[in-house]
Amino acid sequence: MKRQTTALCTRRDKLYRYNIAEKFVSINGEGRKAGQPAVFIRFKGCNLNCSYCDTFWANSDNCPAEMMTANDILVYIQKTGISNVTLTGGEPLIQTGIYELIDLLCQNGLDVEIETNGSEDISPFRQMKIMPSFTLDYKLPSSGMERFMEMKNYDFLTKNDTIKFVCGSNEDLQKALEIIEKKHLTKKCAVYLSPVFGKIEPREIVDFMLENKMNGINFQLQLHKFIWNPDKKGV
């Protein structure tokens with residue numbers, strides 16, 4: 001069946017309003033689509049408080065946000081002409097009505113990636129006819145949030161998904177290796193290791209990967225974003 005190419009406005013979609021902290025078009029800086037153009041939709045609010053969070057401003061109750069419906073978001077994305085969409089935060093999966101939004105975007109022919117912190121259940125999204133991909137964090141010890149990880153998520157990974165380990169210490173590297181091996185992650189999805197800047201040298205991660213013969217693992221330095229405003233009201 002041919003995918004829809006215009007907004008689908010239903011009674012269910014109209015019920016939800018999403019707190020959008022920012023929306024922009026940029027070049028994807030991490031994961032499988034690094035280097036590709038993408039539309040970023042950043043939601044306000046997060047259920048974790050990682051020690052190295054680089055978007056803490058979006059988690060604050062005082063963060064200004066634009067209220068948008070699912071159709072508002074779809075129309076904005078379609079106007080950019082970009083097919084890659086990254087839903088990020090904050091934490092996308094704690095947003096009321098997020099299932100309906102993701103389904104709407106996927107049904108309209110968009111390639112949807114969800115950046116999620118690893119604490120929320122991803123299994124409901126595996127029931128969708130057209131599924132999004134996930135970039136799933138595993139919060140290592142230095143984050144202070146490891147105890148909140150939802151471990152059953154690793155049973156629902158596909159070859160289109162990515163697991164990301166942000167490492168800030170040798171302890172983090174050891175734990176990442178343990179999880180990768182225990183959950184056989186390289187056989188299920190893409191796996192990335194990235195540094196917490198100022199806490200560990202990139203070379204330490206590379207040396208660890210070589211010493212432990214971590215075949216199939218990707219090292220990646222996360223890139224800073226360059227923002228292009230499709231409304232041409234600034235940069």
Side-chain angles (χ1 to χ4, degrees), residues 3 16 18-48 50 53-59 63 65-66 68-95 97-120 122 125-126 128 130-139 153 157-166 189-192 194 218 220-231 235:
R3 293 186 183 182
Y16 298 113
Y18 304 88
N19 285 309
I20 306 302
E22 64 174 347
K23 59 188 190 298
F24 56 91
V25 175
S26 184
I27 297 299
N28 210 323
E30 61 178 308
R32 293 181 181 220
K33 294 186 178 179
Q36 295 185 27
V39 183
F40 290 81
I41 306 294
R42 185 182 303 282
F43 295 91
K44 173 182 176 179
C46 188
N47 57 329
L48 299 185
C50 296
C53 182
D54 59 357
T55 52
F56 183 75
W57 62 271
N59 304 337
C63 171
E66 178 182 3
M68 300 180 71
T69 67
N71 282 339
D72 291 337
I73 295 169
L74 175 61
V75 169
Y76 168 79
I77 295 168
Q78 289 177 327
K79 284 182 177 178
T80 70
I82 304 296
S83 60
N84 288 332
V85 179
T86 299
L87 303 185
T88 188
E91 171 51 50
L93 298 189
I94 65 171
Q95 311 299 322
I98 194 65
Y99 185 99
E100 287 74 15
L101 173 61
I102 294 170
D103 191 45
L104 177 67
L105 299 182
C106 290
Q107 291 287 347
N108 276 274
L110 297 169
D111 193 348
V112 180
E113 175 190 11
I114 317 298
E115 291 187 346
T116 180
N117 62 29
S119 69
E120 297 297 305
I122 69 170
F125 305 95
R126 294 317 187 195
M128 290 181 168
I130 303 173
M131 295 187 298
S133 63
F134 284 92
T135 294
L136 184 75
D137 281 1
Y138 183 92
K139 300 299 183 184
N153 281 338
L157 296 171
T158 75
K159 61 182 177 59
N160 295 320
D161 298 320
T162 299
I163 297 294
K164 184 177 68 176
F165 296 90
V166 178
C189 63
V191 182
Y192 287 82
S194 295
N218 303 277
Q220 189 170 70
L221 289 170
Q222 186 172 343
L223 303 177
H224 296 288
K225 68 186 180 187
F226 172 81
I227 300 174
W228 168 71
N229 188 330
D231 298 322
V235 293

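Position 1 is the first residue of the sequence, and the numbers go up from there.
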Indicate whether any N or O donor in one side chain lies under 3.5 Å from an N or O acceptor in the other, for [X] and [Y].
| X | Y | result |
| --- | --- | --- |
| Asn84 | Gln36 | yes |
| Asn19 | Glu66 | no |
| Thr69 | Asn71 | no |
| Thr135 | Glu113 | yes |

[atom1]-[atom2] distance between [X] and [Y], expressed to the nearest 0.5 angstrom:
| X | Y | atom1 | atom2 | result |
| --- | --- | --- | --- | --- |
| Asn108 | Gln78 | CG | CD | 5.5 Å |
| Met128 | Cys106 | CE | SG | 6.0 Å |
| Leu93 | Phe43 | CG | CZ | 9.0 Å |
| Leu136 | Thr116 | CG | OG1 | 6.0 Å |

Partners passing side chain to side chain contact (heavy atoms under 4.5 Å, CB included) against Asn160 (at least two apart in sequence or in another chain): Ser133, Thr158
Taken in chain and number order and not counting sequence neighbours, the residues that satisfy ring pair (Phe, Tyr, Trp, His ring centres under 6.0 Å) with Phe125 are Tyr99, Phe134
Among all residues two or more places apart in sequence or in another chain, which pass the ring pair (Phe, Tyr, Trp, His ring centres under 6.0 Å) test with Tyr138?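 Per chain and number, Tyr138 pairs via ring pair (Phe, Tyr, Trp, His ring centres under 6.0 Å) with Phe165.
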Knowing that exactly one of Asp111, Asn28, Thr86, Thr162 qualifies, which makes a side chain to side chain donor-acceptor pair (under 3.5 Å) with Lys33?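 Of the listed options, the one satisfying the test is Asp111.
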